[in-house]
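A quick write-up on the structure given underneath.
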Amino acid sequence: MENKRKNIKRNEIISLIITLIIIVLINIIGSFVYTRFDLTSEKRYTLSETSKDILKNLDDYVYFRVYLEGEFPAGFKKLRKETKEMLDEFRAYSKFVDYEFINPSESNDPNERQETYKILWQNGLNYYTETVQTNTGVQQIMIWPGIILSYRENELAVDLLSGESGQSQETVLNNSAQDLEYKLINAIKDISTSSRKSIAFTEGHGELSDFEVYDIANSLSKKYNIRRTTLNGQLNALMKRDFDIDSNIVIRPAFDAIIMAKPTQPFSEKDKFIIDQYIMYGGKVMWLVDAVSASMDSLQNAESTMGLMLNLNLDDMLFNYGVKINKNLLLAYPCAQIGLVTGQGDNLQSVLLPWYYFPLLTAASEHPIVRNIEAVKADFVSSLEPTTSAPEIQKIPLLKTSDYTRVSSAPVYISLDILNQRPSADMFPQKSMTTAYLLNGNFTSLYEYRLPEAITESAEMGFKASSVNTSMIVIADGDIIRNQLAQLDYAKKNNKRVGSPLPLGYDQYTNITYGNKQFIENAVSYLLEGEGLIGIRSRELKLRLLDMNKVNSGQITWQVVNVVLPSALMIVLGIVLAYIRKKKYNR
């Protein structure tokens with residue numbers, strides 16, 4: 001019996017030693033080989049390859065000061081946890097990532113707290129007020145869900161909340177979780193990149209004014225250098241001509257991308273040639289062009305107007321590159337609404353009615369530019385179709401109308417009487433129509449075989465008959481990029497200056513924000529950066545939120561399951577193990 005007990009004791013000691021050795025070996029291997037198993041369906045804890053590459057290429061420390069510390073509601077605690085997990089994931093791929101969580105309200109001195117708040121505000125962070133229940137009663141607290149990012153001598157503010165006004169807190173937090181990797185990686189890329197790419201808005205053909213594209217230009221200026229340039233037949237309006245060490249002329253694009261925002265006047269052949277050669281040298285273009293001239297301004301003092309064909313002299317150019325803009329207007333449902341004044345005398349009232357000429361556009365493919373974006377509001381949009389003139393060009397549809405669409409060929413009679421018509425299948429006989437295309441590939445010049453040899457052979461001219469691999473986006477509605485300007489009623493209610501620019505996609509008449517801004521930002525990001533960053537942004541992550549109706553109705557049951565049941569199971573398991581052990585050693 002004594003020998004048996006000694007053998008049991010020796011075996012237990014050996015087992016313990018072997019277990020300790022295995023644990024030590026696993027830790028040693030783990031310090032050299034990093035791996036992680038992500039069992040979530042949407043791979044929410046797996047960084048994209050783009051993120052990993054950016055992190056691995058860091059050459060100096062990036063420091064995150066996260067202002068999400070303190071007592072605040074559960075939703076913000078969830079955001080804090082998500083942020084910490086994401087930063088820990090970053091640290092696994094780069095030794096140059098470090099962070100700290102800071103409570104901006106930590107000080108008991110109100111003057112010191114206000115000074116801290118002032119500094120955060122000046123640095124670009126936004127605060128949110130929340131009402132919480134404390135031991136002393138109901139209290140309002142200030143929450144600063146943001147980060148100050150430091151890299152060398154540079155600092156950058158990052159707002160962690162994503163969402164529009166009017167959305168529930170759950171929706172905002174879900175959007176914030178989806179955008180977390182994109183926002184943080186994008187911030188690292190922006191702050192650690194020494195050179196910024198450039199974008200030019202073209203002028204000289206009746207394009208949208210500074211005020212009308214103010215919001216998107218302001219947003220893009222945080223990442224890119226934004227300028228306006230007038231073609232006016234100048235060869236160097238879009239190109240740079242320099243000399244190399246051998247005195248040979250070197251020609252390259254002056255801008256990484258250009259945006260043509262709703263031109264209304266025809267392009268000369270010389271201006272078209274300048275754009276064509278810009279594309280041949282690898283320049284990226286976003287075309288936002290109308291095929292039909294129509295405006296709500298014409299309906300301010302009249303019951304009807306005409307939509308007439310707009311001749312921009314660009315049809316042959318775009319046809320050659322791979323798309324055709326049809327001379328029509330699309331009516332579709334669902335659509336945006338406009339206000340109509342009804343009644344007489346003192347009984348006047350404004351009602352919102354569907355305006356079928358403002359269709360809501362949705363994703364026409366699974367491309368990252370349009371994946372998971374909100375509906376895009378269009379104003380008098382036309383249809384696009386691919387051409388056979390450029391079979392080697394990849395043509396990807398981006399936006400489309402709904403399956404309830406009607407096509408009206410120009411000239412189009414536009415009347416307010418349509419506001420009184422209820423949508424029906426007979427009213428919209430056509431299926432969805434594509435309104436935006438992404439074109440990728442090697443484009444052929446419109447002027448191949450059309451120019452004399454004196455021009456094509458000129459070194460100074462540097463004519464190219466085919467392009468390097470490049471991209472362009474064609475959108476058959478110039479107003480998609482136009483922000484509204486504050487009207488008198490809105491300005492009075494919101495303490496704004498009349499005529500001041502509003503956020504792109506926001507409709508002051510219905511108080512609805514559409515997805516125009518995200519679409520344009522995604523499109524520009526794709527043209528300049530490729531698919532990487534917007535691929536991160538378009539990931540769909542789901543927060544598994546509790547069903548509060550079930551929680552409230554079965555509160556006692558869930559408390560028993562979560563508190564009493566685990567304790568009871570441990571007690572029963574302990575009793576069983578004690579009985580088995582006693583029986584074993586008694587033998």
**Complete:** ring pair (Phe, Tyr, Trp, His ring centres under 6.0 Å) filter on Tyr321, not counting sequence neighbours, yields Phe443
**Request:** Test side chain to side chain donor-acceptor pair (under 3.5 Å) on Asn313 and Glu269 and set out the steps.
**Result:** CA-CA 8 Å; Asn313 195 27; Glu269 288 300 321; 3.2 Å; yes
**Asked** Distance only, no hydrogens: is a donor on one side chain within 3.5 Å (strictly under) of an acceptor on the other, for Ser209 and Glu212?
**Response** yes
**Prompt:** Between Asp215 and Lys517, is the closest basic N to carboxylate O distance under 4.0 Å?
**Reply:** yes
**Request:** Would you tell me whether Gln430 and Asp403 have side-chain atoms, one donor and one acceptor, within less than 3.5 Å of each other?
**Result:** no
**Request:** Please tell me if the side chains of Val376 and Leu360 come closer than 4.5 Å, counting only heavy atoms from C-beta onward.
**Result:** no
**Asked** Hey, what's the ring geometry for Tyr214 with Phe211, parallel, tilted or perpendicular (30° and 60° as the breaks)?
**Response** tilted
**Asked** Does the side chain of Asn440 come under 3.5 Å of the side chain of Tyr526 through a donor N or O and an acceptor N or O?
**Response** yes
**Request:** Check the pair Asp379 / Arg482 against salt bridge (Lys or Arg N to Asp or Glu O under 4.0 Å), numbers first and verdict last.
**Result:** CA-CA 10 Å; Asp379 294 23; Arg482 179 174 62 88; 3.5 Å; yes
**Message:** When you compare the side chain of Leu318 with that of Lys324, does any pair of heavy atoms fall below 4.5 Å?
**Reply:** no
**Item:** Leu488 side chain reached by Lys492 side chain, heavy atoms, under 4.5 Å
**Value:** yes
N/O donor-acceptor pairs under 3.5 Å from side chains in residues 288-301, not counting sequence neighbours:
{"unit_1": "Asp290", "atom_1": "OD1", "unit_2": "Gly478", "atom_2": "N", "d": "2.8"}
{"unit_1": "Ser295", "atom_1": "OG", "unit_2": "Asp297", "atom_2": "N", "d": "3.1"}

**Message:** Looking at Lys464, I'd like to know if its NZ atom is crowded, meaning that more than 12 non-hydrogen atoms belonging to other residues, nucleotides or ligands lie closer than 6.0 Å.
**Reply:** yes
**Fill in**
Sorted by chain and residue number, the side chain to side chain contact (heavy atoms under 4.5 Å, CB included) partners of Asn225 (sequence neighbours excluded) come out as Arg196, Ser198
**Asked** For the atom pair CG (Leu220) and NZ (Lys197), what is the distance rounded to the nearest 0.5 Å?
**Response** 13.5 Å
**Request:** Give a yes-or-no answer on whether the side chains of Glu385 and Asn326 include a donor-acceptor pair shorter than 3.5 Å.
**Result:** yes
**Item:** Pairs satisfying salt bridge (Lys or Arg N to Asp or Glu O under 4.0 Å), at least one member in residues 420-445, at least two apart
**Value:** none
**Message:** A quick test of your reading: do over 12 heavy atoms of other residues, nucleotides or ligands sit less than 6.0 Å from CD of Glu303?
**Reply:** no
**Asked** Do Ser365 and Val370 have side chains that get closer than 4.5 Å, going by heavy atoms?
**Response** yes
**Prompt:** Taking atom types as modelled, is there a side-chain donor on Asn328 or Ser408 under 3.5 Å from an acceptor on the other?
**Reply:** no
**Asked** For Met427, does the CE atom have more than 12 heavy-atom neighbours from other residues, nucleotides or ligands under 6.0 Å away?
**Response** yes
**Prompt:** Under the ring pair (Phe, Tyr, Trp, His ring centres under 6.0 Å) test, which residues partner Phe267, sequence neighbours left out?
**Reply:** His205
**Item:** Heavy atoms from other residues, nucleotides or ligands near OH of Tyr490 exceed 12 (cutoff 6.0 Å)
**Value:** yes
**Message:** Regarding Arg228 and Asp210, does a basic nitrogen lie under 4.0 Å from an acidic carboxylate oxygen?
**Reply:** yes
**Prompt:** At what distance, to the nearest 0.5 angstrom, does CG of Asn186 lie from CD1 of Ile191?
**Reply:** 11.5 Å
**Message:** Can you confirm whether more than 12 heavy atoms, excluding those of Arg252, are under 6.0 Å from its CZ atom?
**Reply:** no
**Request:** Quick one: pull up CG in Asn516 and CD1 in Ile480 and give me the separation to the nearest 0.5 Å.
**Result:** 6.0 Å
**Asked** If you measure from the Lys or Arg side-chain nitrogens to the Asp or Glu carboxylate oxygens, is any gap between Asp316 and Lys272 under 4.0 Å?
**Response** yes
**Prompt:** Do Thr510 and Asp507 meet the criterion of a side-chain donor-acceptor pair at a distance under 3.5 Å?
**Reply:** yes
**Prompt:** ring pair (Phe, Tyr, Trp, His ring centres under 6.0 Å): which pairs involve residues 271-312, sequence neighbours left out?
**Reply:** Phe273-Tyr447
**Prompt:** Does Asp190 come within less than 4.0 Å of Lys222, counting only side-chain N to carboxylate O?
**Reply:** no
**Request:** Give a yes or no on whether a salt bridge exists between Asp256 and Lys284, defined as a side-chain N under 4.0 angstrom from a carboxylate O.
**Result:** no
**Asked** Taking atom types as modelled, is there a side-chain donor on Ser389 or Asn320 under 3.5 Å from an acceptor on the other?
**Response** no
